[in-house]
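All figures in this text were calculated on a predicted structure; none of them were measured in a lab. The first residue in the sequence is number 1, and the count goes up from there.
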Amino acid sequence: MVATTDLSKYNNAEDAQLDNRFSRFKKIMIDNPLVGAGIVFTGIVLFNGARHMRNGNARTMQQMMRWRIYGQGASLGALAYLSFKIQQKPKTVAEHAPPSA
């Protein structure tokens, strides 16, 4: 026998109504600005590192690659923190109330 999952509670979820990946990505970036800032920082530093590599400036390129790692770590740390924070959100009184018949 195949177990069925009750997905009715997700029918009216705000995320379920979003059209495409871009709108979901935009919502995540608005809700979590630290993650977006980390991604932008990492991209800028990576671009600068590649530019210095082309110009033959090895010392600055190595410094940019180190900063890229720091940016990636900070982005992942912020994402992990926000995920944990969302998961630990306290339940409201309405969620504890028994369903009305």
Side-chain angles (χ1 to χ4, degrees):
M1 181 173 176
V2 176
T4 59
T5 305
D6 182 23
L7 297 177
S8 62
K9 64 182 177 180
Y10 298 111
N11 286 342
N12 294 325
E14 185 177 327
D15 291 341
Q17 303 301 322
L18 295 176
D19 295 308
N20 55 23
R21 290 181 183 177
F22 177 72
S23 57
R24 284 193 311 234
F25 178 75
K26 189 168 116 179
K27 181 184 180 315
I28 290 170
M29 291 300 118
I30 290 171
D31 290 345
N32 307 315
L34 288 178
V35 175
I39 291 170
V40 169
F41 174 79
T42 302
I44 290 171
V45 170
L46 181 62
F47 177 76
N48 276 336
R51 187 172 55 89
H52 285 289
M53 185 172 57
R54 266 185 279 136
N55 293 337
N57 191 351
R59 182 177 171 95
T60 307
M61 188 263 309
Q62 285 295 324
Q63 185 178 21
M64 291 290 150
M65 292 302 127
R66 279 189 219 111
W67 287 5
R68 176 185 61 91
I69 297 298
Y70 300 147
Q72 284 177 329
S75 297
L76 288 176
L79 188 61
Y81 171 74
L82 291 171
S83 297
F84 181 73
K85 183 178 166 185
I86 289 170
Q87 188 177 23
Q88 297 297 325
K89 189 182 292 186
K91 293 187 178 186
T92 61
V93 175
E95 291 174 353
H96 291 293
S100 57

Enquirer: Are Met61 and Asn48 close enough, and set up right, to give a side-chain contact (heavy atoms from CB on, under 4.5 Å), and what steps lead you there?
Expert: CA-CA 8 Å; Met61 188 263 309; Asn48 276 336; over 6 Å; no
Enquirer: Give the minimum heavy-atom separation between Val35 and Leu82, together with the two atoms involved.
Expert: CG2-CD1, 3.9 Å
Enquirer: Any chance you could pull the hydrophobic cluster mates of Val45, using side-chain heavy atoms under 4.5 angstrom and chaining through other members?
Expert: Phe41, Met64, Trp67, Tyr70
Enquirer: About how many Å separate CD1 of Ile44 and CZ of Arg68, when rounded to the nearest 0.5 Å?
Expert: 15.0 Å
Enquirer: Which distance, rounded to the nearest 0.5 Å, do you find between the CD1 of Ile39 and the CG of Leu76?
Expert: 9.0 Å
Enquirer: Holding to side-chain contact (heavy atoms from CB on, under 4.5 Å), I want the full list of residues that pass it with Tyr81, two or more places apart in sequence or in another chain.
Expert: Lys85
Enquirer: Can you tell me how far apart CD (Gln62) and CG (Asn57) are? Round to the nearest 0.5 Å.
Expert: 10.5 Å
Enquirer: State, to 0.1 Å, how close Thr42 and Ser75 come at their nearest heavy-atom pair, and which atoms those are.
Expert: OG1-OG, 4.2 Å
